[in-house]
Amino acid sequence: MNNKVRVRFAPSPTGGLHLGGVRTVLYNYLFAKHHGGEFILRIEDTDQSRYVSGAEEYIFETLKWCGLEPDESAVHGGNFGPYRQSERKELYRKYGEELVNKGLAYYAFDTAQELDEMRNRLRTDTNPNPQYDHSVRMQMRNSLSLSKEETDSLLQSNTPHVIRIKIPDNETISFTDMIRGEVSFDTSIVDDKVLLKGDGMPTYHLAVVVDDYLMQITHAFRGEEWLPSSPVHILLWRYLFGEEAMPQWAHLPLILGPNGKLSKRDGAKYGFPVFSMNWQDPKTGEVTEGFKERGFLPQAFINMLAVLGWNDGTEQEIFTLDELAAKFTIEKVHKGGAKFDYEKAKWFNHEWIKKLPASQYINEVKKEFENKGLSNINHDYFERILNLVKERCTLLSDFYPQSYFFFKSPVEIDNTPIKAKWNQDKSAFFSTFAKALTSISDWNATSIETLFKQLAEQASIKAGELQLPLRLMLVGGKFGPPVFEIADILGKEETVARIHYAVDLFDK
RNA sequence: GCCGCGUUCGUCUAAGGGUUAGGACACCACCCUUUCACGGUGGUGAUACGGGUUCGAAUCCCGUACGCGGUACCA
């Protein structure tokens with residue numbers, strides 16, 4: 001076995017991927033690339049009752065959009081498959097039985113009712129959540145409390161059962177987390193977790209250990225909600241494959257919403273996306289909005305997630321994926337949970353819209369224009385416009401309101417900003433200007449502006465006083481890029497037509 | 001309840017015994033610009049609390065508070 005870095009992201013296909021999930025993918029990916037290692041995607045679909053159709057496809061689409069393609073997965077292939085735990089079902093039982101044979105685990109025949117009964121019986125104010133552990137295991141129906149004969153006969157008659165790990169009591173288990181350092185637990189408060197379920201599927205606890213071993217995972221990153229169950233996993237490693245073979249672990253801090261743990265409800269409540277892409281629940285039809293559809297660039301989304309809980313030690317904040325891969329180290333991951341800030345997320349997107357040439361996102365924007373009824377847009381013309389207005393756009397969806405006027409002549413113009421100062425002289429100026437424009441031979445922003453200023457001086461009107469009216473004529477509102485640039489792009493004919501139209505309107 | 005993890009401006013964070021506690025987002029002011037932005041300059045604003053250790057603590061130790069997570073045949 002070589003010592004090449006191998007990491008995995010192991011989602012459970014139960015719905016859309018939210019911020020925290022994508023960040024976990026990202027950190028896995030960055031760590032792998034940083035070390036020239038491999039990034040594996042493993043689907044943890046061991047709970048058939050929670051399976052949601054479409055969720056797996058969604059995960060792959062998200063990775064594609066983000067540019068975080070796995071080296072190995074159910075769709076990318078690889079030598080350590082299958083990469084779906086449901087397809088590995090047969091593998092797990094033998095490890096469970098190996099543990100039972102070694103006396104480190106046991107068969108348990110308790111029904112759901114019996115478990116309820118035990119918990120109700122033991123529940124008190126100081127122990128609201130009784131566990132199935134060393135203190136009660138001998139009172140339950142399992143291969144420890146039952147005789148060998150009873151157990152065998154139950155097994156032979158196919159009595160539904162699970163395999164539980166037999167957690168030793170009074171032992172301290174510790175490990176070194178790459179982010180948190182030394183962490184330890186007392187096993188007497190750990191319960192005898194189910195390893196193999198009644199339906200023959202493994203639980204997460206068994207599956208993650210077996211698969212991380214079989215897939216030769218060297219470093220494992222997961223959310224900090226897993227920290228409390230780490231002693232179970234360590235014991236499993238010790239019992240099955242040896243602790244030396246165990247991957248190094250890093251428990252990532254959680255991403256929080258405005259009120260604690262970030263949930264998709266927060267998105268609806270506070271008006272920001274929490275999923276990477278739109279997710280429609282196949283059962284309820286409910287749609288949860290995604291960053292993609294909100295108008296985020298994948299580069300910005302990734303960048304924002306990367307620095308939510310990580311920094312490279314300098315003051316740099318804008319990073320490309322390649323830069324991140326080059327600079328990412330797990331030691332620089334912050335220990336505390338991070339509250340997601342939508343305002344800052346938007347800032348990242350704005351920065352990326354400005355940084356990238358419009359050609360990188362022109363197709364997405366064009367799609368939106370088409371949806372709004374503007375089709376047959378000339379590609380080069382459109383690209384020029386996007387580059388001109390991009391610094392005013394925070395989201396991709398801002399491009400339409402910032403530039404639709406290039407494609408639609410203003411019809412109703414609100415002239416209140418200039419109404420008080422509009423007079424005969426100005427009206428005359430614009431008529432002269434329009435006429436003069438017709439004969440410009442070299443049509444560009446500078447020549448238009450020069451002409452405009454010359455004529456203004458001849459008419460003894462301050463050029464500044466004429467700029468806002470001109471803007472209103474060409475744009476229809478008090479916004480947009482520099483007026484002469486607009487005239488330049490609009491072209492001679494259209495510019496002149498808009499001026500004539502508006503002069504008539506303002507004169508009324 | 002018990003166990004674990006965490007805690008620096010409103011938010012994301014830097015500073016791993018000696019700094020006027022730095023940067024970014026947001027906010028405010030001014031400049032640039034006779035649109036809206038971009039940009040520039042400046043400003044408001046933080047080491048949760050209490051004890052130690054030390055010449056010296058945001059930094060190390062202990063306690064408290066608060067937050068989050070876990071306590072399923074879910075992951």
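Each chain gets a letter, A, B and so on, in the order the sequences are listed, and its residues count up from 1. Side chains included, hydrogens not; waters and symmetry mates left out as well; all remaining heavy atoms used.
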>> Taking B:rC9 as the reference, what is the distance to B:rG23 when you measure between their C1' atoms (whole Å, please)?
In response: 12 Å

> Side chain of A:Phe185: nearest nucleotide among B:rG1, B:rC25, B:rC3?
Replying inline: B:rC3

> Are A:Lys89 and A:Asp199 ion-paired here, with the side-chain N under 4.0 Å from a carboxylate O?
Replying inline: no

>> Could you check whether A:Asp212 pairs with A:Arg42 (Lys NZ or Arg NE/NH1/NH2 to Asp/Glu carboxylate O, under 4.0 Å)?
In response: yes

>> In this structure, how many angstroms lie between the P atom of B:rU13 and the CE atom of A:Met304, rounded?
In response: 13 Å

> If you measure from the Lys or Arg side-chain nitrogens to the Asp or Glu carboxylate oxygens, is any gap between A:Glu117 and A:Arg121 under 4.0 Å?
Replying inline: no

> Taking only N and O in the side chain of A:Thr46, is any of them less than 4.0 Å away from OP1 or OP2 of B:rA75?
Replying inline: yes

>> Can you see if the side chain of A:Lys193 gets near the phosphate of B:rU71 - specifically, an N or O under 4.0 Å from OP1 or OP2?
In response: no

>> Looking at B:rG16, I'd like to know if its phosphate oxygens (OP1 or OP2) sit under 4.0 Å from a side-chain N or O belonging to A:Lys335.
In response: no

> Within the structure shown, what part of the strands sits under 4.0 Å from A:Lys332 by heavy-atom distance: base, sugar-phosphate, or nothing?
Replying inline: sugar-phosphate

> Taking the side chain from A:Asp110 and the backbone from A:Leu115, do they hold a donor-acceptor pair closer than 3.5 Å?
Replying inline: no

>> Is it the case that the side chain of A:Asn170 and the backbone of A:Ser188 share a donor-acceptor pair, with hydrogens and angles ignored and the cut-off at 3.5 Å?
In response: no

> Base, sugar-phosphate, or nothing for A:Arg222, non-hydrogen atoms under 4.0 angstrom?
Replying inline: nothing

>> Can you tell me the base-pairing partner of B:rC25? Count Watson-Crick or G-U wobble geometry only, both distances below 3.5 Å, and say none if there is no partner.
In response: B:rG10

> Is the backbone N or O of A:Pro258 less than 3.5 Å from a side-chain atom of A:Asp266, with the two atoms forming a donor-acceptor pair by type?
Replying inline: no

>> Output the rounded distance in Å from CG (A:Leu262) to P (B:rC68).
In response: 13 Å

>> Any base atoms under 4.0 Å from A:Asn311, or only sugar-phosphate, or nothing? Heavy atoms, all strands.
In response: sugar-phosphate

>> Rounded to whole Å, please give me the gap between OH in A:Tyr204 and P in B:rG70.
In response: 13 Å

>> Using a 4.0 Å heavy-atom cut-off, does A:Pro160 contact any base of the nucleic acid, only the sugar-phosphate backbone, or nothing at all?
In response: nothing

> Looking for any heavy atom pair under 4.0 Å, which part of the strands does A:Gly309 touch: base, sugar-phosphate only, or nothing?
Replying inline: sugar-phosphate

>> Checking base pairs now: Watson-Crick or wobble, both atom distances under 3.5 Å. What partners B:rU19?
In response: none

>> Heavy atoms only, 4.0 Å cut-off, all strands: where does A:Glu465 land among base, sugar-phosphate and nothing?
In response: base

>> Distance check needed: B:rG4 C1' versus A:Asn129 CG, whole Å only.
In response: 15 Å

>> Which is it for B:rC38, anti or syn, if anything within 90° of zero counts as syn?
In response: syn

>> Closest approach to the side chain of A:Lys339, judged atom by atom: which nucleotide of B:rU11, B:rA75, B:rU35 is it?
In response: B:rU11

>> On the nucleotide B:rA75, are OP1 or OP2 found under 4.0 Å from the side-chain N or O atoms that A:Arg50 carries?
In response: no

> If you pin A:Gln402 and A:Pro130 to their nearest nucleotides in RNA chain B, which one's is more 5'?
Replying inline: A:Gln402

>> Nearest whole Å is fine: how far is B:rU7 C1' from A:His334 NE2?
In response: 8 Å

> Backbone N or O of A:Ala463 within a donor-acceptor pair of the A:Lys453 side chain at under 3.5 Å?
Replying inline: no

> With both distances kept under 3.5 Å, what pairs with B:rU71, Watson-Crick or G-U wobble?
Replying inline: B:rG1

> So which nucleotide does B:rU64 pair with, by the Watson-Crick or G-U wobble rule with both distances under 3.5 Å?
Replying inline: B:rA48

>> Applying a 4.0 Å non-hydrogen cut-off, can you work out what A:Ser49 is touching in the nucleic acid: base, sugar-phosphate, or nothing?
In response: nothing

> Sub-3.5 Å donor-acceptor pair from the side chain of A:Thr320 to the main-chain atoms of A:Glu323, do we have one?
Replying inline: yes

> When we call it a touch if two heavy atoms are under 4.0 Å apart, what does A:Asp110 touch: a base, just sugar-phosphate, or nothing?
Replying inline: base

> With a non-hydrogen cut-off below 4.0 angstrom, is A:Val162 in contact with a base, only sugar-phosphate, or nothing?
Replying inline: base

> Should the pair A:Glu44-A:Arg222 be classified as a salt bridge under the 4.0 Å nitrogen-to-oxygen rule?
Replying inline: no

>> Considering every strand and a 4.0 Å limit on heavy-atom distances, what is the contact class for A:Glu391: base, sugar-phosphate, or nothing?
In response: base

> In whole Å, what is the span from the CD atom of A:Glu315 to the P atom of B:rA15?
Replying inline: 11 Å

>> I'd like the C1' distance from B:rC36 over to B:rC32, given in whole Å.
In response: 14 Å

>> By the 4.0 Å heavy-atom rule, please label A:Gly198 as base, sugar-phosphate, or nothing.
In response: base

>> Can you see if the side chain of A:His251 gets near the phosphate of B:rG6 - specifically, an N or O under 4.0 Å from OP1 or OP2?
In response: no

> Of all the nucleotides listed (B:rA72, B:rC25, B:rG1), which has the minimum atom distance to the side chain of A:Pro128?
Replying inline: B:rG1

> What interatomic distance, in whole Å, is found between C1' of B:rU64 and the corresponding atom of B:rC73?
Replying inline: 40 Å

>> Could you tell me how far apart A:Asp312 (CG) and B:rA15 (P) are, to the nearest whole angstrom?
In response: 11 Å

> For the base of B:rA26, is there a side-chain donor-acceptor partner from A:Lys344 under 3.5 Å away?
Replying inline: no

> When rounded to the nearest Å, what value does the distance between P atoms of B:rU8 and B:rG43 take?
Replying inline: 24 Å

> So which of A:Tyr361, A:Phe407, A:Phe406 actually passes ring pair (Phe, Tyr, Trp, His ring centres under 6.0 Å) with A:Phe399?
Replying inline: A:Tyr361

> Who does B:rC38 pair with, Watson-Crick or G-U, both distances under 3.5 Å?
Replying inline: none

> So what does A:Trp226 touch, heavy atoms closer than 4.0 Å: a base, only the sugar-phosphate, or nothing?
Replying inline: base

>> When the C1' atoms of B:rC5 and B:rG18 are compared, how many Å lie between them, rounded to an integer?
In response: 31 Å

> Given the P atoms of B:rU59 and B:rA21, what is the spacing between them in whole Å?
Replying inline: 14 Å

>> Whole angstroms only, please: what is the CG-P distance between A:Asp414 and B:rU35?
In response: 17 Å

> Using atom C1' of each nucleotide, how far apart are B:rA24 and B:rA15 to the nearest Å?
Replying inline: 16 Å

>> Taking pairing as Watson-Crick or G-U wobble with both contacts under 3.5 Å, can you name the mate of B:rA58, or confirm there isn't one?
In response: none

>> At 4.0 Å (heavy atoms only), tell me whether A:Arg180 reaches a base, stays on the sugar-phosphate, or touches nothing.
In response: sugar-phosphate

> What distance, rounded to whole Å, do you find between the two P atoms, one in B:rU71 and one in B:rG39?
Replying inline: 46 Å

>> Under 4.0 Å, heavy atoms only, any strand: does A:Lys346 hit a base, just the sugar-phosphate, or nothing?
In response: nothing

